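Step one of this worksheet: look at the structure below.
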Amino acid sequence: MKWYLDSGNEGDVVISSRIRLARNIKGFPFANLLTDEQSKKILALIKDAATGLNLRYLSMASMPEVNRRMLVERHIISPEMLRNTQRRAVLLSDDEQISVLLGEEDHIRIQCMTAGLDLWRALDLANKVDDVLEEKLDYGFDPRYGYKTCCPTNTGTGLRASCMLHLPALTASGYIETLLSSAAKLGMTVRGLYGEGSGAGGNMYQISNQITLGISESESVKRLEDLVKVVIEKERGMRDTLRRENDDKLVDMVSRSAGILKSACLLSSEEAYNLLSDVRLGINMGIIKDIPIEAVNELTITTGVAHIAELCSEDTPSSRDKKRAEIVKKRLIKH
Amino acid sequence: MLCQNCSKKHATVHFVKIINGVKTEMHLCEKCAPMAQQEFPSIESFDIKVSDIINSFFGGSIGLLSGKCDTCNTTFNMFSQTGKLGCPDCYDAFWDKLQDPLRRIHGGVRHTGKIPKRTGGKTVGLEKLKEDLKNAIAREDFENAAIIRDEIRRLEGGK
């Protein structure tokens with residue numbers, strides 16, 4: 001089963017946790033200066049070092065464009081991986097929990113995802129992958145400044161820990177702005193759903209650490225986890241307030257959204273995404289009882305533009321909107 | 001929905017801007033979307049870039065800073081423009097100039113995390129640390145000096 005169908009710890013607010021480790025191989029320039037020859041050599045070296053990890057090797061260039069975009073929608077690869085595909089590949093586990101991005105800004109980016117708030121398990125998994133790769137690869141490393149990365153913002157541990165949070169109540173009440181500025185003061189960044197360069201849609205936010213030098217891996221994870229726990233409490237508190245002060249309006253909103261999803265004949269990706277956010281809130285607050293959260297988790301991914309385009313014979317916005325509505329209806333009425 | 005700019009193609013790019021509670025929306029086709037980028041900057045454009053930090057640190061004198069990595073030929077000037085280093089050896093080539101910007105970005109300038117087993121799990125030798133300490137004091141970099149001093153004590157205590 002794919003990891004993202006599950007709901008994990010604190011799943012009413014935290015959708016997923018992710019750990020990313022950046023690594024580079026000694027004796028080669030960073031990815032932006034690699035020659036084609038060196039690039040091939042590096043991919044082969046890493047592929048060989050990963051034998052035994054039971055990961056599939058997917059070369060970006062040999063994959064149809066729509067499939068690459070599907071990987072972005074499933075958070076397996078970064079949008080950056082869509083460029084320069086000749087030099088890029090990904091190593092992927094069957095449950096898609098582990099992905100190793102090759103040839104992005106750094107030679108190696110190990111990513112481990114878990115459902116809900118589970119940063120420690122993700123860190124443990126990432127460390128295991130790192131240990132196996134390191135048995136055969138000589139990393140660019142210096143005891144003073146740690147793992148050498150292309151951008152000095154990642155040097156040190158090379159670790160980026162992040163959590164994806166669903167914050168509809170904090171967004172609706174406007175408190176999200178205060179939260180965003182306080183997170184920045186604590187050395188954390190808040191971004192929209194697909195990482196760099198995208199706005200927040202469907203009330204989804206990604207909070208991640210910024211600092212990687214002079215701080216250990218576990219300290220980074222602990223600091224992020226502490227902040228996320230505070231945000232969870234704030235979001236839950238605000239949901240209670242909404243319920244107390246505006247119950248009829250709230251029940252009406254989430255029920256209407258569920259109704260539209262079950263009966264619409266045309267759904268744009270943005271509309272589906274926002275309605276699914278309402279339904280997720282409704283399920284987590286016990287208002288909607290006839291839709292399982294797994295269906296919402298699944299549809300949040302499978303209604304993405306690339307996922308729908310792959311199913312359409314003709315790739316136009318209107319045929320996608322029609323197909324999307326069909327898929328949603330089928331999934332919500334089927335269960 | 002048709003593109004609000006050309007009214008010819010289907011609007012596939014949607015911009016929403018909320019400033020002090022005032023919401024502005026714009027729906028454009030892919031062709032017209034780039035023109036709205038200025039009006040609706042993405043979250044990314046608010047990020048502070050590494051190159052900004054380096055440039056603000058060295059100010060107008062940045063062009064005068066020499067330094068080249070012999071392994072990949074990246075110059076410090078090139079790095080200050082892109083914020084990206086060329087290869088692992090650049091860290092050694094530019095180390096003296098990188099310390100202050102690194103402290104601005106991270107707060108610390110010394111790795112305290114995982115160490116690859118292949119390097120024998122070894123940390124920096126005492127001799128090197130003592131030299132670093134001397135240099136830090138000479139630079140009046142007391143914050144970093146204190147970190148190095150603690151590391152020396154830890155290593156000596158562990159003997």
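Proteins get letters first, then strands, A, B, ... in listed order; numbering begins at 1 in each. Since the structure is predicted, the reported quantities are computational estimates derived from the model, not experimental observations.
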Only pairs of heavy atoms separated by less than 4.5 Å count here; which of A:Asn24, A:Asn32, A:Leu34, A:Thr153 has the most with chain B?
A:Thr153

Is it the side chain or the backbone of A:Leu33 that comes within 4.5 Å of chain B heavy atoms, both, or neither?
side chain

More than 12 foreign heavy atoms under 6.0 Å from NZ of A:Lys322: is that the case here?
no

Interface check, chain B: of A:Gln210, A:Glu105, A:Glu219, most non-hydrogen pairs under 4.5 Å belong to A:Glu105

Apply the test side-chain contact (heavy atoms from CB on, under 4.5 Å) to residues A:Lys148 and B:Asp92: give CA-CA distance (whole Å), side-chain angles for both, the deciding distance (0.1 Å), then the verdict.
CA-CA 10 Å; A:Lys148 297 170 172 179; B:Asp92 304 302; 3.3 Å; yes

Atom group of A:Leu21 that falls short of 4.5 Å from chain B, counting heavy atoms
neither

Which region of A:Ile25, side chain (C-beta onward) or backbone (N, CA, C, O), has a non-hydrogen atom less than 4.5 Å from a non-hydrogen atom of chain B, or is it both or neither?
backbone

Among A:Tyr139, A:Tyr147, A:Phe30, which residue has the highest count of heavy-atom pairs closer than 4.5 Å to chain B?
A:Phe30

Residue pairs meeting ring pair (Phe, Tyr, Trp, His ring centres under 6.0 Å), one or both in residues 96-118 of chain B, sequence neighbours left out, come to A:Phe141-B:His111

Per-residue tally against chain B (heavy atom, under 4.5 Å) across A:Val305, A:Thr316, A:Ile211 peaks at A:Ile211

Heavy-atom pairs under 4.5 Å with chain B, option from A:Gly174, A:Ser318, A:Pro317 with the top count
A:Pro317

Most heavy-atom pairs under 4.5 angstrom with chain A, which of B:Cys69, B:Gly113, B:Pro88?
B:Pro88

Contact class of A:Ser269 relative to chain B, heavy atoms under 4.5 angstrom:
neither

Max heavy-atom pairs within cutoff under 4.5 Å with chain B, candidates A:Ala31, A:Gly140, A:Cys151, goes to A:Cys151

Donor-acceptor pair, side chain of A:Glu134 and main chain of B:Lys117, under 3.5 angstrom
yes

Do any N or O atoms from the side chain of A:Ser319 and from the backbone of A:Glu314 form a donor-acceptor pair under 3.5 angstrom?
yes

Under a 4.5 Å heavy-atom cut-off, does chain B meet the side chain of A:Thr155, its backbone, both or neither?
both

Assess whether a salt bridge exists between A:Glu217 and B:Lys114, defined as any Lys/Arg side-chain N lying under 4.0 Å from an Asp/Glu carboxylate O.
no

Could you go step by step and tell me if A:Asp321 and A:Ser268 meet the side chain to side chain donor-acceptor pair (under 3.5 Å) rule?
CA-CA 5 Å; A:Asp321 291 356; A:Ser268 71; 5.4 Å; no

For B:Thr74, is it the side chain, the backbone, both, or neither that has a heavy atom closer than 4.5 Å to a heavy atom of chain A?
side chain

Interatomic distance, CG@B:Asn135 vs CG@B:Asp96, rounded to 0.5 Å, equals 10.0 Å

